[in-house]
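All chains are named by letter (A, B, ...) in the order of the sequence lines, taking the proteins before the strands, and each is independently numbered beginning at 1. As a basis for the values below, the full set of heavy atoms in this structure was taken, side chains included, without hydrogen atoms, waters or symmetry mates.
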Protein chains: 2
Amino acid sequence: MFAGMEEDKQLGLRLKLLRERSGLSQRGLAKATGVPNSTISLIESGKMNPSVGALRRILDGLAISLSEFFAFQPEAEKDVFYAAEDLPEIGKGGVSLKQVGTSLAGRAMMILKETYDIGADTGRVKYGHEAEEGGIVIEGRIEITVGDRRKILGPGDAYYFDSRNPHRFRQVGPRKCVIVSACTPPTF
Amino acid sequence: MFAGMEEDKQLGLRLKLLRERSGLSQRGLAKATGVPNSTISLIESGKMNPSVGALRRILDGLAISLSEFFAFQPEAEKDVFYAAEDLPEIGKGGVSLKQVGTSLAGRAMMILKETYDIGADTGRVKYGHEAEEGGIVIEGRIEITVGDRRKILGPGDAYYFDSRNPHRFRQVGPRKCVIVSACTPPTF
DNA sequence: CAAACATGTTTGTTATCCTGAACGATTTGC
DNA sequence: GCAAATCGTTCAGGATAACAAACATGTTTG
């Protein structure tokens, strides 16, 4: 036995739902993808933890990308309003990120309220992450480095860049820095 | 050898970038997740096609969901800083919109700093195109109506909705309201 | 310089994914 | 009514992912 049995069950149910939605049987999907029906059965019943490659081949037959598959939420209730204290918070090393929405799943973008403590520094980030990213400084000052460009921004100043560029955020000055930013996942 | 070698290379590269972004070594991530460093090495170098479960355990250590991971795409180019006074401003009836970026062209989203004077009201707005819109209240209070839902938000509170729904923003309380928001542009 | 540490890589061994084939249970056709 | 077809499931096997330990190469430290 292995650890992630519960997660495998969920993954299987998700696949089953998507397969049935497209009107295919396990064998039909097997034929379309070259993956044996037994594999599909085991995955759907949560008895197997598939490899990414196998899952990809199966999803190809459903014309679904891995990104879409994992973003898919059968019963996703999309909230509209979020109280300040309910925003999920991600903290690491003097940087606090408050995230609008519980997850990127099904969202065109993620909005963050970022708080940088005195001296906080994201470190030199060799490579970027999401697709595009921008924001406005609310209070305090921050030094932002994007590629070979560097600038110190204060309240009201803004930035917008392709976040696949290497970038670094470093708080400067006597008070903490607050930024509201947004970043987008690529459609892929 | 197996078929999806190229895909595994990309997957590995992606993981490597994300790991390095968070400043962890292979061994550091291994320790944080319980997954051996050798496994991480093999995955990153594209020599292995990991199971979903293993990948999930690894990504847990990076605080990244599978959904976010597969939505991630490396590449690069384009960046800009904007001084507060250079932000293009659109004003109409007590509402001031400061727009990050001079043009929407080629941008995945538009970021706005919205200032609502006392009593300002957008009236009912409905976008024809498919778009999403969200934001965080910085100061003051505002009543937001989306479809049949209505709520008054204060500093730190947030919202996110499909902007095809009719929506309305109305300042309330004794002081002007400032919001930083983001919305997706029309898909041309 | 040498010892100690850190990094990513490679090597066996074990666990398990993946497969083709066989199995019961329904449904369809004549 | 009895094949024939279709459905999802289960079962041994070869293939390979996952693991622990050793390896190679810097980098830091005394």
Legend entry - Given D:dT10, C:dC17, C:dG8, the nucleotide with the shortest approach to the side chain of A:N49: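 Between D:dT10, C:dC17, C:dG8, the one nearest the side chain of A:N49 would be C:dC17.
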Inset, instruction - Write out the stems for DNA chain D, ordered by first number and formatted as range with range, counting runs of at least 3 consecutive Watson-Crick or G-U wobble pairs under 3.5 Å. - result: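 Only these stems qualify: C:1-16 with D:15-30, C:19-30 with D:1-12.
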Has [X] got a side-chain N or O lying under 4.0 Å from the OP1 or OP2 atom of [N]?
| X | N | result |
| --- | --- | --- |
| A:T39 | C:dT19 | yes |
| B:S41 | C:dG8 | no |
| B:K47 | D:dA17 | no |
| B:S25 | C:dT7 | yes |
| B:R57 | D:dA17 | no |

Legend entry - Spacing of CG belonging to A:L15 relative to CG belonging to A:L29, to within rounding of 0.5 Å: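 Rounded to the nearest 0.5 Å, the CG-CG separation comes out at 7.0 Å.
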Inset, instruction - Look up atom NZ in B:K151 and atom OG1 in B:T145, then write down how far apart they are to the nearest 0.5 Å. - result: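 Output value for this atom pair is 12.5 Å.
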Legend entry - side chain to side chain donor-acceptor pair (under 3.5 Å) partners of A:E114, counting only residues at least two apart: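 Expected list: A:Y116, A:S181.
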Inset, instruction - Could you run through nucleotides 21-29 of chain C and give me one letter per nucleotide, 5' to 3': B if any protein heavy atom sits under 4.0 Å from the base, S if only the sugar-phosphate is that close, - if neither? - result: BB-------
Inset, instruction - Answer yes if B:L62 and A:L66 sit in the same cluster of Ile, Leu, Val, Met, Phe, Trp and Tyr residues linked by side chain heavy atoms under 4.5 Å apart, and no otherwise. - result: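 Per the 4.5 Å side-chain linkage, B:L62 and A:L66 are co-clustered.
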Inset, instruction - Provide the closest heavy-atom pair for A:E44 versus A:K16 in the form atom of the first, atom of the second, distance. - result: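 A:E44 and A:K16 have their closest heavy atoms at OE2-CA, 3.5 Å.
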